Each structure stands twice: as structure tokens, then as C-alpha cells.
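This report concerns only the one structure given below.
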Amino acid sequence: MPPAFEPHAIEKHWYSTWNAAGYFQPSPRENSASGKPFVITIPPPNVTGVLHLGHALQHSIHDCLLRYHRMKGETTLCVPGTDHASIATEVKVLDLLQAMQGKSRRDLSREEFLQHAWEWKNKYGGTIIGQLKALGCSYDWTRERFTMDKGYSRAVLTVFKEWYDKGLIYRGYRLVNWSPGAQSTVSDLEIEFREVQGKLWHLKYPVVGTDEFITVATTRPETMLGDTAVAVHPDDERYKHLHGKNVLLPLMNREIPIITDAYVDASFGSGAVKITPAHDPNDYEMGQRHGLEMITVIGFDARMSEAAGEYSGQTREEARKAIVRDLQAQGLVEKIDDYTHSVGHCSRTGTIIEPLLSEQWFVRMKELARPVADAIKMNRVHYRPERFANTSLDWMENIRDWCISRQLWWGHRIPVYYGPDGEMKVSVEPITEEGWHQDEDVLDTWFSSALWPFAVLGWPDKMETEYYPTSVLITGRDILNLWVSRMILTSLYFVDDEIPFHDVLVHPTVQDVFGLRMSKSLGTGIDPMGLIEVYGADATRFGLLQLVTGAQDVRFTDEAERALGEDTVRRYLREKKPLPLEWNGKPAERYPQMQNARNFANKIWNAARFVLTNAENIGAVEPFNIETAELDMAGTWILERLSVTISTVTTALNDYQFDTAASTLYSFIWNDFCDWFVEVSKPRLRAADHAQIALLTHVLEVTMRLLHPFMPFISEEIWQRLPKSAAADSLCIAQWPAPAHAYGLMTDASAEAFAAQQRLFGTLDEADSRLGFTLVQETVSRVRNLRAEAKLPPSQKLKVTLVALSNEAAEVLREGVPYLLQLGNLEAVDVVTADAPRPQNAVSTALPEVEVFLPLEGLIDVERETARLQKELESLNKDLAIVEKKLSNPQFVDKAPPAVVEKEQAKRTELQSSIDKLSIRLREMA
RNA sequence: GGGCGAGUAGCUUAGUGGCUAAAGCACCUGCCUUACAAGCAGGCUACCGGGGGUUCGAGUCCCUCCUUGCCCACCA
């Protein structure tokens, strides 16, 4: 074994071995307690995508859970796949064609484009899948799906037809969100509102038949060409005399009415609003209420339409300038204020959304959404953390119809066919008859992803119902409504009122070191493949899982970014310029959180190397057997620690507390096993102690099983080198440990075995655990501390006197003498009872159970020792004061639970005892 | 505008009303002690964002303010 852990070869080897052995496919298992399969479908990443840090975090969670449940003996399945991502892919492929062949959408037919798109998909669509494999994901790749594969498409078209037949899908001429960049509609959820520094123009419209003007305020003067009314609040006294009158729309010289509507806020601006029903959602609704004419003055190309008269053909921006200029020339601009407001942008292309009237397909959402709300309220779907249930409930309360048609080519083409005589048919099978043609539009990507959990299991044909509903959906909170709510909706409707998953686990969003959103193009995005390259897949997974707390956001530290400083980074992001990141340090030091995880992997590797090397040297190792083993205090202690670790990690995983699980493993392996148990084992191993190497091997073996879901590669590599006690060819399918396994009771945590464990360790569990190896550990620490404070070289052998303050403590310390000698680097330990005289010329300290004296050769530095004792005393007195304050409060003694009061009293006794001892020492010093 | 989070050591974070607020990184001191210098031993560092309240007892619960992140929303 090499002295440093080298992850890459191991990762490659084990991944292909596991995959070939079929461990990632579901198989009937015998040991599951519940008998239920554990099923996940991954959120299908965009086929255009490459893995980003959010994915890496999400899939670390996925795979950790999968491997955990697989080891628990459950039939385990994870269906992977990719999403065709209609707009994103189309934009990407078009960009590519432009760059490589100089062709734009206009130069291509639908068929030509689709051919390019499929070629592109087949060539590059597997990138992200390969990256998931590099991370170690144990998904069933034989079931990999694509949202546009044949069966999936059938599911999509079937849903469309079914809803159409039930009247839940309809075609309508409505105001929709038009993205000029994508040349398509987008849904409400795909609009990103951004704060924009704009202006508020106050325009004066002359009232017909008077010499008055009415002033309207607007952020978009160019839309005034399409105004068909001016609205005021019915109770607004300022305008009552104008009710029923008309204004003459400037520039267009069109008479439009002054109407009244309670929607108008009399306190905003002038209290009068220009109404452009064809280009504003509110105005549209008002236009419908009042039967106003709707005049489209901006076209699909985001230029002024013919209805815009002399401005026709100008862009929105040009027209705005020209119109303001022309109005100003006529003295019709009252004033222009600076105004910050939010403007909807297309989340895909970044262009400003133009509300436009057009013929589109819609899903009637209201009645479909109601059962979803019910299911959530009745706790049939469980959100973790729970508060996220509200995100869905709020959305459904004010739900609006869903525009599902997109003017794109890449996607599921709407299965509506138009006949020669104006007939219309909806059909899952293509209609090829002469004279019929299909609707040109495709469906919103999210329409198809909404069917994911059941479509991938075979619906609408033969569905594998034994895997449904799935166990847990793991997602970021940004797509809770876009995707999660809609999956619940379709499942309740199409799969027999069944929910798609029991739990929705919302994981934190990864931010950069300053708490800012990560953006790959600007340089704050971190490439997980780079992390795997530098730190290894195990460390990357572990480091990320340590970040998975219940919080909303977690920060990913990048020292290169930190070096720039927060102000600089913010400025660059605001200006949308790539960060001038450079890193001259060691590659591993750039991301400290990952470096820590990598160091941990190396620590594990070396602990294993130590155990395995010794096992080899010592020769044939008998398996550890609790019945015949003669455990001393350290052996008992490590098994107890292991047992507690098993329970804690198991509970944490059941509760999705990945940070707790990871740090529990970390501290058990590093602090308990390596720092103490491996250390105390060394002298015994030098003496070729078979029992000790058996115990070490045993603890390591169980620990590797616990570690596997977090760090699958290194745990497998080590486990395979260990003498196998569990009947499995791979850790993937080895049994997940129960507390009884810590004690070598490998027959499963049956009642009998567990009872045996309780018999053997009952005394320990109930007794004050300090009176065991823990006391030895604390005593060692005090000795080391005294040695360092006295500036004695670590190599110098010392004598120590321990004054045990009870018989029990004396007994424990006497048993622990060999450990004290070794770990404290001592040549002699003298354990005496409380009535013995204290050594002279020594530095000392006091624990509740024992006084520690370190006699010094020659004279001690009285001044230094006095200062040290005073400091120690001060800290103890401070603690005592707190306890005293509590206990002297009659209210506390009266009202607090007796157990709490007793605890405080015991604490007071202990503190007082230590203080007395130190005070005596201090007086002797003087 | 509404809602949901976060603010704990220089940094990243644990902390479930009750042991003396925990860990890693960074920093300081000393060690290559034959598993690991990606290491070992020891140490320093916290008015737990400010203020008020509830309670015998608050980092933890309530109110309020400040800072900050996210989601939702049709105020021109």
C-alpha cells in the first residue's frame, strides 16, 4: 500500500467492477426490515449540461442514501436520465450551427435542425452522465431514460390527449410572456424579475371637448401607441368630472375613453393609468373587464408593428426615444422621474419579456391543483425541512393557467392535427393522411418533466408499480413549483390518486465564499470535476455531505476568490465581468473544506495501512469473537465508541442529517480510533498480540461498512483487503452495521444477540463512563499539558504521581498505568490514595477524580508555576461562581427539575474539591 | 410589497430551554515518536448581530431594529 492515498486508479477499478457485477440494479433482498423497496428517480439534468457544484452536492446525497438502503438489505433502485431541456438545447445547438456553419434558424428547415440537434445530443448528451459515474453514483444505468425517448414521448402525448379530452387543455388567444430572444413563449415561472434603474414618464393626454389634460405615468412610453383607455379610480374626486369623457391619444390622434376601475391606485403617480391591453398583464385584464379594443403595437420580433404607424419597424428602445422626443416637442411630457422597478427577463436568453397577444395552448390549473394542496396538507407528501411545503401551497392558492406551447423545434411536438376542412384532431399516433398537418409548436419542457417519476417506470404502458411511489425526491428549492408541485399534480391525476414520492428533501443551495450566487460564466462557479481531480471522488463527496445542514444556503470557500476581497467580487459580478481569479498556492489549498476531507481520506488510508501491515506481520489472524476475547479498558472503550457511532450515524441518515452523520464518522475515525486506540495498540502489536490485531481489524471492518455510503471507493478498497467476516463480495451489498455488530455479534441484531451484548456491557453503559479509559485519557492530557507548560522536552522521560481521590479511581488508574507510561512518555507512575503526602517540588493540576503531580528535577520555576496555578484556579472559580449563583437562587432549587439541581450540586462539590486542592498547592508555593 | 432563512472564535460551520458554547481551517509553541508532516502533542482566540421581553434558567422561545441571502408578487 502506498503511504499516501491515491484515489484515481481505485475509483476507476471499483466503479467498473460494481457496475459489471450488477449491484446498481434492483434485486430481491432478504434482510430488509420493512420489505419495501427504496426508490429514487434523479432530477434529470439538462442534456446540454455539465455537472455543477449543486449537482455534485445533490448526487452525493442521492448516492449516500442509495448505498445506505442497499446495505440495509432493501431492494434499491435509482433511475437516472436526462432532460431534453427544450429551450436550453435549442439555443445551444443554434449557437453552435451559427458558429460552425454560419447558419441561423431562418436558413434551416425544422427537419434539418432536428437532425443536427439529435446528432449533437447523441454525441455530447452523455457528458453529465459520465460525470455522475465519476462521482461514484450507483444508479441503474440499464434503465437510463431521456425525456424524448420513445416510451417517454408516448407518455407525454398520452397526457396531452387525456387532458384535452377532459377539457383540461384548451387553445386560447391570450396575453402570454413572449421571449424575443428565444422567439417563443415562456411560462410565468421562467421569468426572472430584475431590478432596473429606469424612468417614470408623466405624459399629458388632452381631454376631448375641454382644454384640460389628464396626466398618466408610465415606465414604457412606447406602449402608448396601443393605449385604448385611461383608467382612474371611481372614487377619486380629482377626476369625477371627467368620467365618461374621452381623451385624444397623442401621436395616434385616436379617441379613447376614460374609464373607472377599482384596480387603480389613486395614490400612485397622478392617479390615472394609461391602459394598453395588448402589452401588459394588468391592462389586459382590465381590457377584458371593460371590453376594450386590444391593439398590438409590438411584434414577435420585439419591433414596433404596423399598427405603430410611423414608428413601425423600430425597436422598442428606438421607439421609446422617438416617442418621448415627439411628445416633448408637443409639450405633452409633464416630467420625467428616476424610477427603479423590476422588469421581467427571460431566464434562458436574458432578453426582456414582452407580453404579447397570441394563440397558445393552456392547461387549466385550478381544479388540478386542488388535490395537490390536499395531499400536502394531509401530509401524504412530506417536505423536509417542513417549511417548504408552504412554497407549494402558496403557489397553488393563486395558480393561473399554464401556457404550455412553445414556438420551438426541439421538444415534444403538440399532438394536434388540422384537417383540410378546418377540423382538428388530437392523436397520440401521427396522422399521416393527405391534407392533415400537425401543430407547429412543441410543449414546455416542464410539461414532460412533470411526468418523470412514473413515466420512467413504464407508464402509460406496463408500469413497474412495485417501485411506486418512490421513496424520496431530492431537489434544490428553486424548482419546487416549476417541477415538484407539478409532478405531484400529474401523479395524483394519472396514477390512481397516488403520490409520486413520500418525502421531498430540499437540500441547501451552494453559494460562494461571500454568500453570493454561483455563476459559472463569471468565475464564481466551481467545477466539481476539478475537485474530483485534485481531491478524489470520496473526499469531494464527503466534503460536500459535511455541508448538508438543515440551512437554506451553505458557503463554499474558495481562497482565490477570498483573496480578491468581497467588494471587488461584488463589483465584478455587478458589471458582469469574469473575475480575475488566480491561484498561486498549492492546488489542494484553494478549497479548505475539500482539503480537510482529502486529509481525512488519507488518514483513513494510513490507519488501514497500519492495521493491514501489522496483520500481515503477525500472521494468521483469528476473527474477533466477543465471547472469547479478553478485553481490557481500551478495548471495551473502543467497542462502546463504535457502538455509539453506529447508532448516531444510522439515526442521522434516517433523518437526512448528513452533516451530523459525516462529522460523527470523522471524529470517531480520527479522534477515537486513530489518536487513541491505534496508539495504545502499538506496544501490544510489537509483541505480536493476536487478540489486539483481531480487535483492530474488526473495528476497522465495521467502520468501513459505516463509511461506505459516504466514501464508497476508499472504503471498498480497504474492506476488500481485510479478512472478510461478512458474507458479501462487495461492500455495496455488505450488511449495514447495527450496534450489536460493534461487539462482533455478526449474526444480525437479533434480540438474542443484542441481549448478549447488554449482558457483557451493561455495567459499562450504566456506570459513569468517566471511570474507565476516559479517565486515563484525561489524565494523559493533563500530563502532556503540564509537560508543555513546564517547557520540558517531549523526549524526556518523567515520573508522575497520581493522587486518586476514590478507591474506584485508584483501581482504574492502576489498571491504566501501562497506557499512562506510553502515552505520557513516562518512566514511572505512582498511584497513591488521598491520604498520602503530596510530592514536593512538582507542578500539578486537579481533575475531579485525581490530582496529577509532575515532580521536576531540580528547582521548579516558582513564578511560572504560581501563575499557571492561578490561571487554572481563576477559571475554576469562574465556573463555581456560575454554579453557586444558580444554587443560591431559591427559585431555581424550587422550580427546576430535581435531576438538574442534583447535577448542579454534584458539580459544585467537584469544583470545590479541585479548587481546594489547587489552593493548597498555591499556598505551598508561596 | 408579501413570505422564508441566516448573523456563534480571524474564516467555514455544529449547537434538540439545563454538564464549564463544539469542530475544522488559520495562528502560536514544540516534535520527522518506523500508519499518516495531507501527520503528532500542547496552546491562543467568542459581550452567540443590537435592544427589549418570557422563564428558576435563553446562543436556543417571543417582540423589535440592523445587516445579509433566497423565493413569491400584475402597482402603472
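Just the heavy atoms: all of them, side chains too, but no hydrogens, waters or symmetry mates, feed the values below. Labels below follow one simple rule: chain letters A, B, ... track the order of the sequence lines, proteins then strands, and each chain is numbered from 1. Nothing here was measured: the structure is a model prediction, and the numbers come from that model.
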Can you tell me if A:R562 touches the phosphate of B:rC11, counting only side-chain N or O atoms and a distance under 4.0 Å to OP1 or OP2? no

Distance check: side-chain N/O of A:K274 vs OP1/OP2 of B:rC75, anything under 4.0 Å? no

Can you check the distance between B:rU34 and B:rC40, where both ends of the measurement are the C1' atom (answer in whole Å)? 14 Å

Report yes if the side chains of A:V273 and A:Y263 come closer than 4.5 Å at any heavy-atom pair, otherwise no. no

Sticking with atom P, work out how far B:rU54 lies from B:rG42, rounded to a whole angstrom. 45 Å

Output field dot_bracket for RNA chain B (Watson-Crick or G-U, both distances under 3.5 Å, | for other-strand pairs) contains (((((((..((((....[...)))).(((((.......))))).....(((((..]....))))))))))))....

Side-chain N or O of A:R555 closer than 4.0 Å to phosphate OP1/OP2 of B:rG5: no

Give me the distance, rounded to whole Å, that separates B:rA58 from B:rA21 when you measure between the C1' atoms they each carry. 13 Å

For atom C1', what is the distance between B:rA6 and B:rC48, given to the nearest Å? 14 Å

Could you tell me whether A:Y339 contacts a base, only the sugar-phosphate backbone, or nothing, with contacts defined as non-hydrogen atoms closer than 4.0 Å? sugar-phosphate

OP1 or OP2 of B:rA14 sitting under 4.0 Å from any side-chain N/O of A:T549? yes

Just call it for A:V264: base, sugar-phosphate, or nothing, with non-hydrogen atoms closer than 4.0 Å on any strand. base

Using the ring of each side chain (for Trp, its six-membered ring), is A:W670 parallel, tilted or perpendicular to A:F600, with breaks at 30° and 60°? parallel

What is the nucleic acid contact for A:Y263, judged by heavy atoms within less than 4.0 Å: base, sugar-phosphate only, or nothing? base

Nucleotide-resolved protein contact map, nucleotides 24-35 of chain B, B/S/- at heavy-atom distance under 4.0 Å: S-----S----B

Which part of the nucleic acid, if any, lies within contact of A:G269, taking any heavy atom under 4.0 Å across all strands shown: a base, the sugar-phosphate backbone alone, or nothing? nothing

How many angstroms lie between atom OH of A:Y819 and atom CD of A:Q777, to the nearest 0.5 angstrom? 11.0 Å

Would you mind classifying the nucleic acid contact of A:D265 as base, sugar-phosphate or nothing, using non-hydrogen atoms under 4.0 angstrom? base

Consider only side-chain N and O atoms of A:N785 and A:R782, and report whether a donor and an acceptor are under 3.5 Å apart. no

Pick base, sugar-phosphate or nothing for A:R517, based on heavy-atom distances below 4.0 Å to the nucleic acid. sugar-phosphate

Kindly say if A:N481 contacts the phosphate of B:rC71, meaning a side-chain N or O under 4.0 Å from OP1 or OP2. no

Give A:R782 one of three labels, base, sugar-phosphate or nothing, depending on what nucleic acid heavy atoms sit under 4.0 Å from its own. nothing

Tell me whether the side-chain N/O atoms of A:R787 come closer than 4.0 Å to OP1 or OP2 in B:rA41. no

Identify whether any heavy atom of A:T557 sits under 4.0 Å from a base atom; if not, whether one sits that close to sugar-phosphate; answer base, sugar-phosphate or nothing. sugar-phosphate

